[in-house]
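Data block below; observations after.
Note that the coordinates shown come from a computational prediction; the quantities given were computed from them, not determined experimentally. Note on naming: letters A, B, ... go to the chains in the order of the sequence lines (proteins, then strands), and numbering restarts at 1 for each one.
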2 protein chains.
Amino acid sequence: MTPSTPRESALCGLRARKKQRTRDALIRAALELFTAQGYEATTVDEIAAAVDVSQRTFFRYFSNKEEVTFAVQEMVEARFLDELSHRPADEAPLTALRSSVMAAWDDIAASIEPIVPVELHMRAYQMIESTPALIAAHLRRSCDLEEEVARLIARREGLDADLDPRPRVLVGAFNGVMRAAGKAWSEGDDFTVTSIRELTRSYLDHIGPVLDDNWRAVR
Amino acid sequence: MTPSTPRESALCGLRARKKQRTRDALIRAALELFTAQGYEATTVDEIAAAVDVSQRTFFRYFSNKEEVTFAVQEMVEARFLDELSHRPADEAPLTALRSSVMAAWDDIAASIEPIVPVELHMRAYQMIESTPALIAAHLRRSCDLEEEVARLIARREGLDADLDPRPRVLVGAFNGVMRAAGKAWSEGDDFTVTSIRELTRSYLDHIGPVLDDNWRAVR
DNA sequence: AATTCATGAGTCGGTAACTGTCATTTCGCT
DNA sequence: AGCGAAATGACAGTTACCGACTCATGAATT
């Protein structure tokens with residue numbers, strides 16, 4: 001039963017490390033090429049060539065061109081989910097969501113810097129938001145995330161997400177606002193982390209008042 | 001000039017009518033095949049063959065496989081937008097949105113029956129909601145719609161959608177809830193129009209209360 | 001240290017969604 | 001009847017992606 005050294009596959013073993021390096025290199029090369037030439041204009045062959053592996057190998061690491069594009073986002077999402085599931089139980093649902101998003105932005109550097117520079121990730125994010133095919137992919141991913149988030153919220157509140165629609169409704173609305181913020185950011189001219197973080201914060205702060213019936217009467 | 005008969009291209013002329021018929025036939029054939037065998041399992045060649053045209057001709061009518069899938073949805077959306085832009089000005093924004101959706105569902109038969117049976121459309125909708133690639137496409141389309149809707153809302157309220165984030169925030173939240181309802185419908189077992197209409201209504205009715213901070217205290 | 005053995009990587013060939021081009025047919029109008 | 005424009009078909013090319021096979025290298029065992 002695994003006598004001595006090789007227990008963890010994540011870090012140990014020359015093989016595993018080499019694999020990790022190839023994967024990281026593919027991500028970096030892909031994002032670099034995408035942001036430089038555009039997504040559609042970049043072929044998988046090019047990405048593979050940049051890392052000096054065969055096209056077939058690329059597809060063994062990532063099941064499609066889309067997947068490599070979102071590899072980094074996935075790490076950020078993981079951070080968000082982790083934060084959400086550790087939020088104090090007495091926090092209101094919407095507040096917990098907002099705090100988790102803010103936390104994820106706050107230490108994005110720590111989450112992804114080992115793989116890609118934050119600056120490259122921001123450029124990639126902006127490219128995603130301005131490429132129709134990637135917007136679609138991004139939205140679908142958000143939708144999957146929504147599912148997990150709704151379950152977490154339901155758990156916090158002691159509800160069954162399959163019976164009570166409120167967690168889904170809240171998360172749907174939350175997500176809708178997040179997307180609106182992301183879009184606004186990508187159409188602006190300040191592509192910094194701080195910028196998107198503050199924009200997100202301000203959009204989320206509108207979520208309550210905006211549903212009040214009469215905008216003209218209220219301020 | 002145009003001296004005598006052929007003014008409108010929409011209905012007049014053997015040519016235009018034939019074109020329309022081909023287009024409709026392609027839509028019907030596509031939806032029929034998709035719902036029977038699945039989206040990915042159906043090739044464009046099959047669709048073209050079913051209508052007895054070449055693959056190239058299919059691509060002259062629809063720029064991609066996705067487009068034919070959403071051709072009918074587009075008519076429903078048009079109905080929704082039309083209704084929204086004719087809602088009384090004193091209606092609250094969220095109410096106007098809800099009423100327009102309900103109106104669109106109410107006369108869906110009139111909107112689409114000339115092209116496809118409502119029943120086929122409902123089956124297609126359910127297929128869309130259970131095919132990842134189409135979910136993505138659907139979401140992206142909703143996103144484009146969101147843009148238009150936000151502008152309409154801004155106009156109603158006398159705001160500039162580029163300066164005031166409230167229209168986008170409202171529409172984002174609204175859209176999020178609509179998607180949640182569509183998803184819940186597709187996962188249920190009643191694929192009727194009435195069913196999705198009522199589900200939508202009930203989800204929308206939660207949108208206010210759900211943002212209240214403490215779910216456990218309130219009822 | 002030598003020998004298996006598992007796993008990762010390359011090659012080749014195929015499918016299906018598109019796209020450009022050009023010849024052909026089909027309408028619409030005079 | 002006949003001319004110009006528009007619709008269609010036939011064909012070739014590109015790219016994402018997948019399956020099957022083969023080869024090489026690091027890891028486990030003796």
Side-chain angles (χ1 to χ4, degrees), chain A residues 1-26 29-30 33-34 37-70 131-134 136-137, chain B residues 1-26 29-30 33-34 37-70 131-134 136-137:
Chain A
M1 303 97 170
T2 53
S4 48
T5 30
R7 306 162 325 217
E8 301 279 278
S9 66
L11 298 144
C12 295
L14 202 161
R15 209 164 198 152
R17 262 177 293 127
K18 192 170 179 179
K19 237 177 115 174
Q20 188 65 39
R21 256 185 292 127
T22 305
R23 190 185 143 88
D24 295 351
L26 282 171
L33 286 165
F34 290 161
Q37 327 172 342
Y39 179 72
E40 336 249 42
T42 304
T43 70
V44 172
D45 286 312
E46 275 180 290
I47 302 167
V51 180
D52 221 55
V53 296
S54 72
Q55 189 215 50
R56 196 69 182 86
T57 293
F58 173 92
F59 281 113
R60 273 194 269 258
Y61 279 92
F62 304 97
S63 57
N64 48 47
K65 208 173 148 183
E66 180 193 312
E67 202 171 299
V68 72
T69 317
F70 290 95
T131 306
L134 291 179
Chain B
M1 297 346 183
T2 51
S4 50
T5 30
R7 306 160 328 212
E8 302 279 277
S9 67
L11 299 143
C12 295
L14 202 160
R15 208 161 201 154
R17 260 177 295 125
K18 191 171 181 180
K19 242 180 113 174
Q20 188 64 40
R21 256 187 292 126
T22 305
R23 190 186 143 88
D24 294 352
L26 282 170
L33 286 165
F34 289 161
Q37 325 174 341
Y39 179 73
E40 336 249 44
T42 304
T43 70
V44 171
D45 286 304
E46 275 179 290
I47 302 168
V51 181
D52 222 57
V53 296
S54 70
Q55 189 216 48
R56 196 67 183 86
T57 293
F58 173 93
F59 281 114
R60 275 194 267 257
Y61 279 91
F62 304 98
S63 58
N64 48 47
K65 209 174 149 183
E66 182 192 308
E67 202 171 298
V68 73
T69 317
F70 290 95
T131 306
L134 291 178

Next on the checklist: Can you measure B/L26 atom CG to D/dG9 atom P for me and round it to whole angstrom units?
Outcome noted: 10 Å

Checklist outcome for this item: From CZ of A/F58 across to P of D/dC18 the rounded distance in Å is 11 Å

Next on the checklist: Considering every strand and a 4.0 Å limit on heavy-atom distances, what is the contact class for A/F62: base, sugar-phosphate, or nothing?
Outcome noted: nothing

Next on the checklist: Less than 4.0 angstrom between a side-chain N/O of B/T57 and OP1 or OP2 of D/dG9, yes or no?
Outcome noted: yes

Checklist entry - D/dA12 P sits how many Å from B/F59 CZ, rounded? => result 18 Å

Checklist entry - To the nearest 0.5 Å, how far apart are OH in A/Y61 and CD1 in A/I47? => result 15.0 Å

Checklist entry - What about B/R15, does its side chain sit under 3.5 Å from the base of D/dA6 through a donor-acceptor pair? => result yes

Checklist entry - With respect to the phosphate group of D/dA7, does any side-chain polar atom (N or O) of B/K19 fall under 4.0 Å of OP1 or OP2? => result yes

Checklist outcome for this item: When rounded to whole Å, the CZ to P distance for the pair B/R60 and D/dA5 reads 18 Å

Next on the checklist: Ignoring hydrogens and geometry beyond distance, is the side chain of A/R56 in donor-acceptor contact with the base of D/dG19 at under 3.5 Å?
Outcome noted: yes

Checklist entry - When the distance from CD of B/Q55 to C1' of D/dT14 is rounded to whole Å, what number comes out? => result 13 Å

Checklist entry - Using a cut-off of 4.0 Å on non-hydrogen atoms, how would the nucleic acid contact of A/Y61 be classed: base, sugar-phosphate, or nothing? => result sugar-phosphate

Checklist outcome for this item: Against the side chain of B/T43, the closest entry in D/dA16, D/dG9, C/dA17 is C/dA17

Checklist entry - Got a second to check how far B/K65's NZ is from B/T42's OG1, nearest 0.5 Å? => result 6.5 Å

Checklist outcome for this item: In this structure, CZ of A/R23 is separated from NZ of A/K19 (nearest 0.5 Å) by 10.0 Å

Item to check | Nearest-Å distance for atom pair CD/P, residues B/E46 and C/dC18 | outcome: 15 Å

Checklist entry - Taking for each residue the nucleotide of DNA chain C with the nearest heavy atom, is it B/K18 or B/N64 whose nucleotide lies nearer the 5' end? => result B/N64

Checklist entry - Could you state the CD1-C1' distance from B/I47 to C/dA17, rounded to the nearest angstrom? => result 11 Å

Checklist entry - If you check every side-chain atom of A/K65, which of C/dA9, D/dA16, C/dG10 has the closest atom? => result D/dA16

Checklist entry - Can you check the A/E67 CD to D/dC18 P distance for me, whole Å? => result 10 Å

Checklist entry - Rounded to the nearest 0.5 Å, what separation is found between the CD atom of B/Q20 and the CG atom of B/D24? => result 4.5 Å

Checklist entry - Is there a side-chain contact between B/D45 and B/F58, using heavy atoms and a 4.5 Å cut-off? => result no

